[in-house]
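Here is the structure we will look at.
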Amino acid sequence: MNLPTSATSLAGWQHIYSGKVRDLFVPENGPDNILLVVASNRVSAFDHVLDPAIPGKGALLTALSNWWFSRIDMPNHLADPESAPPVPMEVSDRAMLSRRLEMYPVECVVRGALTGSGFLEYRETGSVCGIELPAGLEDGDLLETPIYTPAHKAPLGEHDENISYEQSVELVGPEVAEALREASLKIFTAARDLAAERGVILADTKFEFGRDPETGELVLADEVLTSDSSRYWDASVYFDASLSRADRLASFDKQIVRNWLRSNWDQQGVPPQLPAEIVSQTQDRYRELFTRLTGKNWG
Ligand SMILES: N#Cc1c(N)ncnc1-c1cnn(Cc2cccc(F)c2)c1
């Protein structure tokens, strides 16, 4: 009998790490070069994991990641299923079987728009990660050319720290730092252009890379271009001048949740349970984003 899988128990696999919305496992009895990244249905907002989870979210974002991996022309960490123990049925649609890499301690953030922590730093200093920007930019403004604004990975639960390119060189050395920047900008630019053709603005994203210990090559890892690792905006909303700035910068997938929380929570203590209607509308938004980007119906 298949026992229900809690977030961290999976037959044949040892849980090693949990992020806010994903969990990492390694095979209980080897091989040691395999890792299983399981995307949960948990959704986080305002630095809280919300209740209840959004049914189908993990599977949809895993499918979106896989779709992008198949379109990005560089080695990625996806593993051959033949090289690993079977992935348990209960998570198979939201699990990413990966080759274990030596991860670089740099969050490779690329921004095509100025918002979030980048806008806050710009408002204080006129620059982001040491990159000077023109004066007078507002939150959400599109940048003339995308900028690479790395961050140093913070411990779980803390915010990553924006660093300069030169600081990334100190962390990983000049050759790898340049390779990370070049790959990040190239992938972002191609993804931004594809999304734009489908009426979606890719405002920013975060890539993670590692080194394959067997080949030494640079490998694209983690999730890629999901709405958990990226900000996606609906272009028709973004360019609607009749809307407030906050509404124009609405996150494609999480804005319904954020708007409900702003009206039903004082942001003190634990957030209230999401009503079923908010869960359902959020499911629809994830499906719409998947279909807009991939051209495929979900499910
Ligand atoms: N992908 C990947 C990967 C790999 N292929 N090899 C070694 N390590 C990682 C790895 C380590 N941390 N993370 C991010 C992360 C954090 C929290 C939960 C998660 F599921 C995932 C990725």
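Start at 1 and go down the list; that is how both ligands and their atoms are numbered.
- Counting non-hydrogen atoms of neighbouring residues, nucleotides and ligands closer than 6.0 angstrom, the CD atom of E144 reaches no more than 12 such neighbours.
- Note: H15 and F25 have perpendicular aromatic rings, judged against thresholds of 30 and 60 degrees for the angle between ring planes.
- For ligand 1, the polar-atom distance check finds no N/O of R22 at less than 3.5 Å from any of the ligand's N/O atoms.
- Looking at D222 next to ligand 1, an N or O pair under 3.5 Å apart turns up.
- Here the side chains of I72 and L225 are in contact, with some heavy-atom distance below 4.5 Å.
- A 4.5 Å side-chain heavy-atom check between S184 and V109 finds every atom pair outside the cut-off.
- A cation-pi contact, defined as under 6.0 Å to the ring centre and within 45° of the axis, is absent between R248 and F239.
- Scanning all protein heavy atoms for the shortest distance to atom 3 (C) of ligand 1 gives L35 CD2, 3.3 Å.
- For atom 6 (N) of ligand 1, the closest heavy atom belonging to the protein is L101 N, 2.9 Å.
- The distance criterion of under 3.5 Å between nitrogen or oxygen atoms is not met by V38 with respect to ligand 1.
- K57 pairs with exactly one of V21, V279, T282, T62 by the side-chain contact (heavy atoms from CB on, under 4.5 Å) rule, that one being V21.
- Contact annotation for D23 and ligand 1: only backbone heavy atoms (N, CA, C, O) come within less than 4.0 Å of the ligand.
- Looking at heavy atoms from C-beta onward, F46 lies in side-chain contact with R262 at the 4.5 angstrom threshold.
- Using modelled atom types and a 3.5 Å distance limit, the side chains of D228 and T226 yield no donor-acceptor pair.
- With atom 13 (N) of ligand 1 as the reference point, the heavy atom nearest to it among R211, E208, E102 is part of E208.
- For atom 16 (C) of ligand 1, the closest non-hydrogen atom of the protein is Y17 CE2, 3.5 Å.
- Nearest to atom 11 (C) of ligand 1 among the protein's heavy atoms is L24 CD1, 3.7 Å.
- Of the N or O atoms in R99, one or more lie within a sub-3.5 Å distance of an N or O in ligand 1.
- Regarding atom 8 (N) of ligand 1, its nearest protein heavy-atom neighbour is M103 CG, 3.3 Å.
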